[in-house]
Amino acid sequence: MLKLLFLSTPVGPLGSGLGGGVELTLYNLAEEMQRRGHQVRVVAPTGSVLNNIQIVEIPGNLQIPAQTQSRDVPISLPSDSVLANIWEYAHTVAQEYDLLVNFAFDWLPFYLTRFFTTPIAHFISMGSLSDALDLVMTRVAKAKQGTFGVYTRSQAETFPFADACTILGSAVDLSVYDFCAQPDDYLGWVGRIAPEKGLEDAVAAAVKTGIPLKIWGKIQDQQYWEKINQDYPEGAREYCGFLPTRELQAQLRRCRALLMTPRWVEAFGNVAIEALACGVPVISYARGGPTEIIRHGKTGFLVTPDSVDGLVEAINNLDQIDRISCRQQAETEYSLPALGDRFEKWFNSRISRICGDK
Ligand code: UDP
């Protein structure tokens, strides 16, 4: 039995959607580790909610998400930083745990790694975004073998230490997602509403095909969202809010397809496997994680990045996709037990390797 302390992202409370896919990954992993008999405690910003998992809530001001800043921006922390408070707490209790598992993509935990005697495993949920982060991570990667875990190979390759990354993938709790054989006549888009997600292209494609687009997700960038509302007529798109997983899947599963329009190298794209788990084909720009998930022509389509016409063509070819194949792919490749095996192996290697660290 391992004693695991999970340190959450400081960009928002768990359950708020501000953290994006890492919130679901952290939750799924905590559940799966507990199911295996490990002890898991999660440290997260005040207001965090997780069913059946012990949380230590930490007050403080939230961190500015790395993706909203340019690559050369100096590292900064707000006053009374929740990130600093989380790691201060971690320092006081670290001796009681076998492993600390960090989910924050931030400079401070990477820098602090060498000052802890308890081993730390860093799970990275985004591609490279900052020179300062790359530098500190490269140093840690050299000194502490196997300390960085990532979702995908495409994501790892954005970092200078790609070969030192452990590729862990992602998963969903398949029992939560119901298969839907007969969709309604609408398309879906799910994610944080922020420029790196390219929502405007999905709306443009929906307008061209005449099939309405339903949108679910946290509005992270209000100005960006308002611009989309100004540029496109209301009939073409319907905003359905940010929903908890069970409610989200009940609506998502009725889509003809999920559209993914990342402008950045998408680290994974958890929404892709959530759609597949419901039998919903995924049409995505061929950029990052989705290129490793979607089986082109079988469980969706990979489209030339930034090509709205490419999205439209794929939408017109949706009858080539058998929705059962989509659910089957989720079952064979994205189950929680498979994810648990990979993470458990990685955790154990981090714990046994601590003696060999520099
Ligand atoms: N999500 C949600 N409810 C919504 C819309 C989105 O819970 O109404 C979650 C979704 O389940 C997924 C996350 O938001 O886990 C988006 O993660 P993804 O990996 O696709 O992208 P990221 O935000 O990490 O870049």
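Ligands are counted one by one from 1 in listed order, and the atoms in each one are counted from 1 as well.
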- Is the closest N or O pair between Thr245 and ligand 1 shorter than 3.5 Å? no
- Do you know which two heavy atoms are closest between Gln329 and Ile293, and how far apart they sit? NE2-O, 2.6 Å
- Hey, are Glu226 and Gln222 close enough side-chain-wise for a donor-acceptor pair under 3.5 Å? yes
- Query: Please state which protein non-hydrogen atom is closest to atom 7 (O) of ligand 1 and give its distance, to 0.1 Å?
  - Reply: Leu243 O, 3.4 Å
- Query: Counting from 1, what ligand 1 atoms have a heavy atom of Glu266 closer than 4.0 Å?
  - Reply: 21 (O), 25 (O)
- For atom 14 (O) of ligand 1, find the nearest protein heavy atom and state the residue, atom name and distance (0.1 Å precision). Gly20 C, 4.5 Å
- Task: Evaluate the side-chain proximity of Leu14 to Tyr27: yes if any heavy-atom separation is below 4.5 Å, no if none is.
- Result: no
- Got an N/O contact under 3.5 Å between Lys197 and ligand 1? yes
- Query: Do Pro212 and Arg237 have side-chain heavy atoms sitting under 4.5 Å apart?
  - Reply: no
- For Asp106, salt bridge (Lys or Arg N to Asp or Glu O under 4.0 Å) partners two or more places apart: none
- Query: Closest non-hydrogen protein atom to atom 24 (O) of ligand 1, residue and atom name please, with distance?
  - Reply: Gly21 N, 2.7 Å
- Item | Atoms in ligand 1 flagged as close to Gly217, the criterion being non-hydrogen separation under 4.0 Å | 5 (C), 8 (O)
- Message: Nearest non-hydrogen contact with atom 15 (O) of ligand 1 belongs to which option: Lys218, Glu23, Glu274?
- Response: Glu274
- Message: To check your reading of the model: name the closest protein heavy atom to atom 6 (C) of ligand 1, its residue, and the distance in Å.
- Response: Val190 CG1, 3.4 Å
- Can you sort out which atoms of ligand 1 are near Trp264, meaning under 4.0 Å from one of its heavy atoms? 25 (O)
- Query: Which atoms from ligand 1 have a heavy atom of Gly269 less than 4.0 Å away?
  - Reply: 19 (O), 20 (O)
- Message: Just verifying a value: how many Å separate Gln54 CD and Phe6 CZ, rounded to the nearest 0.5 Å?
- Response: 13.0 Å
- Under-4.0 Å salt bridge between Arg36 and Asp341: yes
- Note on the structure: In ligand 1, the atoms that come under 4.0 Å of a heavy atom of Leu24 are 15 (O)
- Message: Tell me whether Phe242 has any N or O atom under 3.5 angstrom from an N or O of ligand 1.
- Response: no
- Can you sort out which atoms of ligand 1 are near Arg192, meaning under 4.0 Å from one of its heavy atoms? 22 (P), 23 (O), 25 (O)
- Check: Phe343 ring centroid to Trp346 ring centroid under 6.0 Å: yes
- Message: I want to know if ligand 1 touches Asn270 in the polar sense, i.e. an N/O pair below 3.5 angstrom.
- Response: yes
- Message: Using a 4.0 Å cut-off to any heavy atom of Val271, which atoms of ligand 1 qualify?
- Response: 10 (C), 12 (C), 16 (C), 20 (O)
- Check whether the ring centres of Phe116 and Trp87 lie less than 6.0 Å apart, and answer yes or no. yes
- Item | Nearest heavy-atom neighbours spanning Ala267 and Gly127 | CB-N, 4.2 Å
- Message: If the cut-off is 4.0 Å to any non-hydrogen atom of Gly241, which atoms of ligand 1 fall inside it?
- Response: 8 (O)
- With hydrophobic residues grouped by side-chain heavy-atom distances under 4.5 Å, do Ile64 and Tyr111 end up in a single group? no
